Amino acid sequence: MKKCVLVSGGAGFIGSHVTVELIAAGYDVVVADNMSNCDMTCFEGVKKITGREDIPFVKMDFCDMEAVRQLFAAYRIDAVIHFAAFKAVGESVEQPLKYYKNNLISFMNILESGCPNVLFSSSATVYGEPEKVPVTEQSPRQSATSPYGNTKQICEDILQDTVKASGGKLRGILLRYFNPIGAHPSALIGELPRGVPNNLVPFITQTAIGKRECLSIFGNDYPTADGTCLRDYIDIVDLAKAHVFAVRRMLDDKMEQGCEVYNIGTGRPVSVLELVNAFEKVNGLKLNYKFAPRRPGDVTAIWADPTLANEKLGWKAERSVEDTLKAAWAWEKHIAGK
Ligand code: WQD
């Protein structure tokens, strides 16, 4: 019988790409989302890409334990991938309680469901400003620089502790994403930030399409080769595939510890300016940008050592940053109706 995976927050950017890859890998999927930070564009795109009109969709809030109980009573769920959370770093600083309540209660309710396999969407933000790069899973977590980042660290601890106390009944995987960028090659799903994008690539594509006047590059006086920050930009389809490898490890009983942690990155540092120049080159356009003061809270450089994920999950990032930036631009043109 096909195994069934619940994708919480599955109508969003990462959740929709993961749903596509899970279905392609032969899993049944249930998508649940409270639609607080997205519309149905990506879920409709998932149905077109997979050719599946029958993917169950449940509109619900994971902070509502009764709704969570009803969901698990309605579907035989073998594993959960939990994306449902607020994720705007700046907003979390202005409204910390909104973030702690939503991100922690929703995750604890998922664990209360009793589902034996839980994959949590964590973030490289837990490493803060690393002393040493590339970072491995053993690199120390630094104290979070935002309530958003703190909710990621707290949820990691909640999962680790709940797995330990479960006597083997619960298995967990933490995937620490670096910087997810790009869109599905079909241009039917991608990132749909609400309002002014915080993240670099959607701001680039919106500037290129004319929605934004000018990209500000936050700081070119960092101690790096070109003065701009270094990040590990991971293609969204590569990232989505990592979830299939992780779910397979849990459901095929290949786990070696109750709770395992993996860095999901390319291992390749790319600077902001390199990314901007690559975007211009692969898409044959000139981007309007200027150098602006540093953004508070930004780390100078962080990129992954992805060896553990390569070896244990059998997963490796494959797409080039050029292909990723081409897909990001195709998506922006698609949503602009061009
Ligand atoms: C990348 C680089 C900016 C916008 C954040 C979260 C992290 C994860 C990914 C959720 C930085 C520069 C950006 C702009 C710029 N999110 N930049 N001009 O900050 O590395 O990570 O998103 O899990 O948790 O912290 O990503 O895309 O915001 O910035 O120069 O208009 O681009 O200064 O150097 P970040 P980002």
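Note that the coordinates shown come from a computational prediction; the quantities given were computed from them, not determined experimentally. Whatever order the structure lists ligands and atoms in, that order sets their numbers, starting from 1.
- Among protein heavy atoms, the minimum distance from atom 18 (N) of ligand 1 is reached at Ser216 O, 2.8 Å.
- Proximity of Leu215 to ligand 1, defined as any heavy-atom pair under 4.0 Å, is confined to the side chain (atoms from C-beta onward).
- Side-chain contact between Leu275 and Val201 is present, with heavy atoms from C-beta onward closer than 4.5 Å.
- Cys229 CB, 3.1 Å is the protein heavy atom nearest to atom 34 (O) of ligand 1.
- Here is the list of ligand 1 atoms found below 4.0 Å of a heavy atom in Thr125: 24 (O).
- Between atom 7 (C) of ligand 1 and the options Gly219, Ala292, Ser123, Ser121, the minimum heavy-atom separation is to Ser123.
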Exercise. Does the pair Glu156 and Arg141 meet the rule for a salt bridge (Lys or Arg N to Asp or Glu O under 4.0 Å), with working shown?
Worked result: CA-CA 11 Å; Glu156 288 198 351; Arg141 294 186 323 181; 3.1 Å; yes
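- Checked against Asp232 for a side-chain hydrogen bond (donor to acceptor under 3.5 Å, both in side chains), the options Asn263, Thr266, Asn179 give a single hit: Thr266.
- Ring geometry for Phe279 versus Trp329: interplanar angle over 60°, hence perpendicular rather than tilted (30 to 60°).
- Between the side chain of Glu332 and the backbone N or O of Ala328, no donor-acceptor pair lies under 3.5 Å.
- For the side-chain hydrogen bond (donor to acceptor under 3.5 Å, both in side chains) with Tyr127, the lone residue among Glu137, Arg176, Gln142 that qualifies is Arg176.
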For this session: Run the numbers on Ile23 and Ile55 for side chain to side chain contact (heavy atoms under 4.5 Å, CB included), then give the verdict.
Result: CA-CA 9 Å; Ile23 290 172; Ile55 305 168; 3.5 Å; yes
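- One option in Asn199, Ile204, Val196 has a heavy atom closer to atom 36 (P) of ligand 1 than any other, and that option is Asn199.
- Trp331 places a side-chain N or O within donor-acceptor distance of the main-chain N or O of Glu191, the cut-off being under 3.5 Å.
- Aromatic ring pairs are classed by plane angle as parallel below 30°, tilted from 30° to 60° and perpendicular above 60°; the pair Tyr99 and Tyr148 is perpendicular.
- The Ile217 neighbourhood of ligand 1 comprises atoms 30 (O), with distances under 4.0 Å to a heavy atom of that residue.
- What sits closest to atom 29 (O) of ligand 1 on the protein, heavy atoms only, is Arg295 NH2, 3.3 Å.
- Between the side chain of Lys47 and the backbone N or O of Cys42, no donor-acceptor pair lies under 3.5 Å.
- Of all protein heavy atoms, the one closest to atom 33 (O) of ligand 1 is Asp298 OD2, 2.6 Å.
- In this structure, the protein non-hydrogen atom closest to atom 6 (C) of ligand 1 is Val89 CG2, 3.9 Å.
- Remark: distances from the non-hydrogen atoms of Tyr148 to ligand 1 include one below 4.0 Å.
- For Tyr233, the closest heavy-atom approach to ligand 1 falls below 4.0 Å.
- Residue Val201 places no N or O, backbone or side chain, under 3.5 Å from any N or O of ligand 1.
- Looking only at heavy atoms of the protein, atom 4 (C) of ligand 1 is closest to Asn198 O, 3.4 Å.
- Both the backbone and the side chain of Leu200 come within contact range of ligand 1, each with a heavy atom under 4.0 Å.
- With hydrogens left out, the protein atom closest to atom 15 (C) of ligand 1 is Phe218 CD1, 3.4 Å, a heavy atom.
- In this structure, Arg231 is part of the shell of residues with a heavy atom less than 4.0 angstrom from ligand 1.
- Looking only at protein heavy atoms, the nearest one to atom 12 (C) of ligand 1 is Val272 CG2, 3.9 Å.
- Residue Ser146 does not touch ligand 1, judged by heavy-atom distances below 4.0 Å.
- Aromatic rings of His243 and Tyr177 (six-membered ring for Trp) have centroids within the 6.0 Å cut-off, being under it.
- At a heavy-atom cutoff of 4.0 Å, ligand 1 is contacted by the side chain of Asn179 but not by its backbone.
- A distance of 6.0 Å or more separates the ring centres of Tyr233 and Phe178.
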